[in-house]
Every structure is written in structure tokens, then in C-alpha cells.
K.L.:
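Quick one: structure below, then a few questions.
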Amino acid sequence: MVSNFRQTVRGMRDFLPEDAWKLRFIEDSARKLARLYNYDEVITPVIEHYELLAAKIGEENRKRMYVFEDLGGRRVALRPEFTASIARLVATKMVSAPKPIRLFSVGSLYRYDEPQLGRYREFWQANYELIGSKNPEADAEILSLTSNLLSSVGLKNCVIKINHMGILRGILGSEGILEDKQNVIMQLLDKKDREKALKLAEEYGATSRCLETLKSLFRIRGSDKKSIINEIARVVNNYPDALNSLNNMSEIVNLIEYGGLEAKFYFEAGFARGLEYYTGIIFETYVPELNIAVGGGGRYDKLIELFSGIEMPAVGVALGIDRIMLAMEKQGVNPPKHEVARVFVIPINESMVAEAFKISLILRRNGIITEIETMRRSLSRSLSDANRREITHAIIIGPKEVKEGKVVLRDMKSKVQEEVKIEDLPSKIRI
Ligand code: HAM
């Protein structure tokens, strides 16, 4: 394929300063939240062994991995998600760490998805995993954190679509349909291809009672918790495992609603996720302005055990930073601008450049954002450039004042200028 190397590779993007600022704002908010909930940050590699990443990612995602052989002949891949890497890290380096283990990661991921609005081949996630507890309070914590992150960046009207893998798997399992076959059905449900999923269940030997149950389940959705839970309970009445799972979901939702949650729940009994490791609740978060999920997660009690042989239940979530950015744009939410002084130091001629350097360093040592005129423009052109870029203060360095240990400080807004002793500068620069 002929490529135009002057363009970014399809699905990859440059972030110009304004977008990079937004991305880092969300990343900072995610990191602050990790501290608030006491999650420790870990950093794992972008490149991992293919087998690790492919183990439980699901057929659709597996097909979209960037896989290649490194120069040492190893079959490696770019990570399409964090969860497999975290499971590896815990299974190999933290098995005996006191439980629960709370881990946070943030970074870029790679999936060969078809590029479109909100879907890129390189994207960013903020990922939280709570490892070691089977209890509903762990699931509730992850949901609380999810809702909190979305509101902390200023998003409104967030909805958490939720279901429990144990309901669908409980039904299919009691019909003797094994996990591998269940996974194929889940992939179809993830794509909302319910007709095909039913057909396949029939091919796999599901009884007509089972098919009727599934059909009824697929129709159940809505936000009225009590009536939805009752309806599901009625439909799955003959499937004890499914009923247990429903109770578990209900308990989690009750817990978190009692604590007060900004996001609203939306129950959808036919909802499944493409990742294969989920064993308990699964969820995705949405804002009304975007029809793609801004985050997703769930409980996965067997993945770490797969790598360690030791039982280690876990629940987690990943929030898509790019999609949060998009949702903020759609809702007209901007990252708050920190109103701080920004200083422009202008030497009025070449002989003052070294002095300008010295003064800039003094200001920066005092934590003041400072830049120096490096284009050697005239004073008036430097000032008009400062105006255009909303610089708050200009410091004009001339030989006459410097001889007296002074400079001219100009407030760019009021245009008021005064002579100030160099040592008094840091205390004079305020907005
Ligand atoms: P996921 O649903 O595959 O879950 O991804 C989570 C979020 O990443 C999505 O909701 C979306 O916001 C973002 N995302 C995914 N693919 C793309 C893309 N191509 N372009 C832009 N954003 C994207 C996971 O990755 C699981 N590891 C979550 C998890 C953590 N489950 C348990 N712990």
C-alpha cells in the first residue's frame, strides 16, 4: 500500500495544544480520583506477549489487535486494554500483597477499530481495578468511582447501563451449553444481534423453554429498578443460578443508590460485553449526547486465577478519555482555566538579553510562569504579541533601569506601568 508519510497513520491522531490540554485535564482528574479512593498507580508496558492479551479478550477484539513479531522472534502485541496486564502483574508480583489491592493506570491503547467519531486506533483510558473482594461493596465502589469521575469533569445526565453476566450464563449453563459456546453467543449479544444469538443457542441444543426465557429477557429494559428486577425474577424463575446473579446485581445497585449516586441506572437484560472474562455485573456508561459508551467495566473473578492458579476475584472499570473529551464538547463543558499570572520578559535590546535570562530564572524559581522574548522584536511588537496571547504581565528590561537594580513592570490589562526593584518582582506579580 502506498502511504503518504506526511499524514498520520489512519486511526492515529495528533493532539494540538488545546486538545492535549483537555486530555491531560481528564487524566489529572482521573489521577486525583484514584488518590481520593486510595488506588495506587501502576505502569505496565505498551507491548505484551500476544497470548496474554488474547487470552480472554473475546473474538472481536482479538481480531483487532496490533500483533507483530519483534526482532527476537517473539509474538507480541500492542495492548488493547489494561485489564490483562494488571491481571498478569498481580498474578506474578502481588499475589501475597494484602487484599484488597486497588490499582489505577492511565495511558494509550491500540485497537484496529474502524475509525469514526469517538472510535480511534490509538486511544486513552483511565483504568481502575479492585482486586481481592467478592462482595457487592467492591462492585458498588467501582460504580461510584465511575459516576464520580464523570461528574468531576463536569459531565451531566450520565447513565450506567447495567446487567449481570450470571443471568445469561446461568440460563445457558443449565442447558449444558459450555463456556466457549456461551462466549460466541455473548459476542453476538454485544453486537445486539439477538436473532442470531437465539438461533445459535438453538443450534447448541437450548430447549424451547430456554429460548422463550431468553426472548422474554431480551425485551426487558428500563430504568425503573423495582419493576425491572421483578420482571427478570419472574422470567428466570426456573434458573437458580440466574436468580442468584439477579439478587447480586440488585444488592449492588441498592448499596450504591443508598449512598447517593449522580448517574442513573438503566437495566437491559439482553446486554452483554465482548470481553470474555466477565463473571458478574457488567456495565457501560453513556451521556445522552453520544451513542457510544464513555466507559465500561464489570466483575471478573477468574482471570487472575487463570494466570496465578490462586483464587482472586476482581472488579474494574475503564473510562475512555477521548470519549469523555467528546462528551464534554457535546455538553459544552470546558476544562476550568486556572487564572494564573503569565509573564513575558522583553529585553529592549541585545545587550539586555542576559539580564532578561537572569530575571526569568528568578521568576520561575518563585513558581511564576515566565517566557522570554526570543524573536528580538521591537518593544511595541513584543507588547502586541503579548496582548494577542493574553499574557498578564510584561517586564521590560532596559539599561537605565537595570543600572538601578530595577525593571519596568507592565500590567497588560490595565496598561499601567511602574518601575519595580528586581528583588520585589515576585511579590508584585499578581492577578
Ligand atoms: P472496553 O469497554 O473495551 O473495556 O473499553 C472501555 C472504554 O474505552 C470504552 O467504553 C470507550 O470509552 C473506550 N474505548 C474502547 N475502544 C475505543 C476506541 N477504539 N476508541 C476510543 N475509545 C475507545 C475495557 O477495556 C475493559 N478492560 C474495562 C475493564 C476494566 N473491565 C474490568 N476492568
Side-chain angles (χ1 to χ4, degrees), residues 10-13 15 23 26 30 39 42 44 48 52-53 55-66 78-90 101-131 138-139 141-143 145-146 149-150 153 155 158-162 165 186-187 190-191 271-287 290-304 312-328:
R10 187 164 148 77
M12 305 285 159
R13 293 155 299 154
F15 284 75
L23 186 132
I26 300 166
Y39 282 62
V42 286
T44 57
E48 296 264 17
L52 171 88
L53 299 172
K56 287 282 170 193
I57 188 132
E59 189 50 28
E60 284 300 316
N61 287 322
R62 200 174 296 130
K63 283 193 293 207
R64 301 205 167 100
M65 277 164 59
Y66 281 86
L78 300 184
R79 61 183 179 197
E81 58 145 5
F82 281 112
T83 309
S85 301
I86 301 297
R88 172 192 56 71
L89 180 145
V90 171
I101 303 170
R102 292 184 167 93
L103 298 177
F104 165 72
S105 301
V106 65
S108 59
L109 303 130
Y110 302 85
R111 295 183 193 177
Y112 203 78
D113 279 334
E114 195 46 36
Q116 50 194 283
L117 183 80
R119 184 160 285 127
Y120 316 105
R121 290 182 178 168
E122 180 184 52
F123 60 96
W124 273 257
Q125 282 184 350
N127 187 84
Y128 304 81
E129 311 286 358
L130 173 43
I131 296 147
D139 304 68
E141 175 173 309
I142 288 291
L143 288 167
L145 200 156
T146 303
L149 177 59
L150 298 174
V153 298
L155 288 175
C158 298
V159 173
I160 300 180
K161 181 163 90 176
I162 189 165
M165 285 312 287
M186 297 306 165
Q187 292 287 321
D190 179 42
K191 287 196 279 185
F271 159 55
R273 275 170 58 71
L275 298 156
E276 278 169 5
Y277 44 67
Y278 292 118
T279 54
I281 57 153
I282 49 166
F283 62 91
E284 283 176 358
T285 53
Y286 291 86
V287 292
L290 266 188
N291 62 0
I292 42 175
V294 292
R299 171 167 287 281
Y300 55 101
D301 286 347
K302 301 281 175 219
L303 185 66
I304 305 176
M312 210 133 18
V315 54
V317 62
L319 289 127
I321 295 182
D322 316 70
R323 292 201 189 159
I324 293 179
M325 250 169 93
L326 209 58
M328 287 170 70

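All ligand and atom numbering here is 1-based and tracks the order in the structure. Just so you know, these numbers come straight off a predicted model, no measurement behind them.
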K.L.:
Provide, to 0.1 Å, the distance between atom 27 (N) of ligand 1 and the closest protein heavy atom, together with that atom's residue and name.
P.N.:
Glu81 OE1, 2.6 Å
K.L.:
So, 4.0 Å and heavy atoms of Glu284: is ligand 1 close enough to count as a contact?
P.N.:
no
K.L.:
Name the orientation class of the two ring planes belonging to Phe104 and Tyr128 (parallel below 30°, tilted from 30 to 60°, perpendicular beyond 60°).
P.N.:
tilted
K.L.:
Of all the atoms in ligand 1, which lie at a distance below 4.0 Å from a heavy atom belonging to Val317?
P.N.:
30 (C), 33 (N)
K.L.:
For ligand 1, which atoms sit closer than 4.0 Å to a heavy atom of Arg119?
P.N.:
19 (N), 20 (N)
K.L.:
Which of the atoms in ligand 1, numbered in the order shown and given with their element, are less than 4.0 Å from a heavy-atom of Gly295?
P.N.:
10 (O), 12 (O)
K.L.:
Who's the nearest protein heavy-atom neighbour of atom 31 (N) of ligand 1, and how far?
P.N.:
Tyr278 OH, 2.6 Å
K.L.:
Ligand 1 versus Glu129, non-hydrogen atoms closer than 4.0 Å: side chain, backbone, both, neither?
P.N.:
side chain
K.L.:
Using a 4.0 Å cut-off to any heavy atom of Tyr277, which atoms of ligand 1 qualify?
P.N.:
26 (C), 27 (N), 31 (N)
K.L.:
Can you tell me which residue and heavy atom of the protein come closest to atom 23 (C) of ligand 1, and the distance to 0.1 Å?
P.N.:
Phe123 CD1, 3.4 Å
K.L.:
Between Thr285 and ligand 1, which residue portion shows a heavy-atom distance shorter than 4.0 Å: side chain, backbone, both, or neither?
P.N.:
neither
K.L.:
What protein heavy atom is closest to atom 20 (N) of ligand 1, reported as residue, atom name and distance in Å?
P.N.:
Tyr120 N, 3.0 Å
K.L.:
One residue to check: Val294. Relative to ligand 1, which of side chain, backbone, both or neither has a non-hydrogen atom less than 4.0 Å away?
P.N.:
backbone
K.L.:
Any idea which part of Arg111 is under 4.0 Å from ligand 1, heavy-atom wise: side chain, backbone, both or neither?
P.N.:
side chain
K.L.:
Using a 4.0 Å cut-off to any heavy atom of Gly118, which atoms of ligand 1 qualify?
P.N.:
20 (N), 21 (C), 22 (N)
K.L.:
Tell me, please: is Phe82 in heavy-atom contact with ligand 1, that is, under 4.0 Å?
P.N.:
no
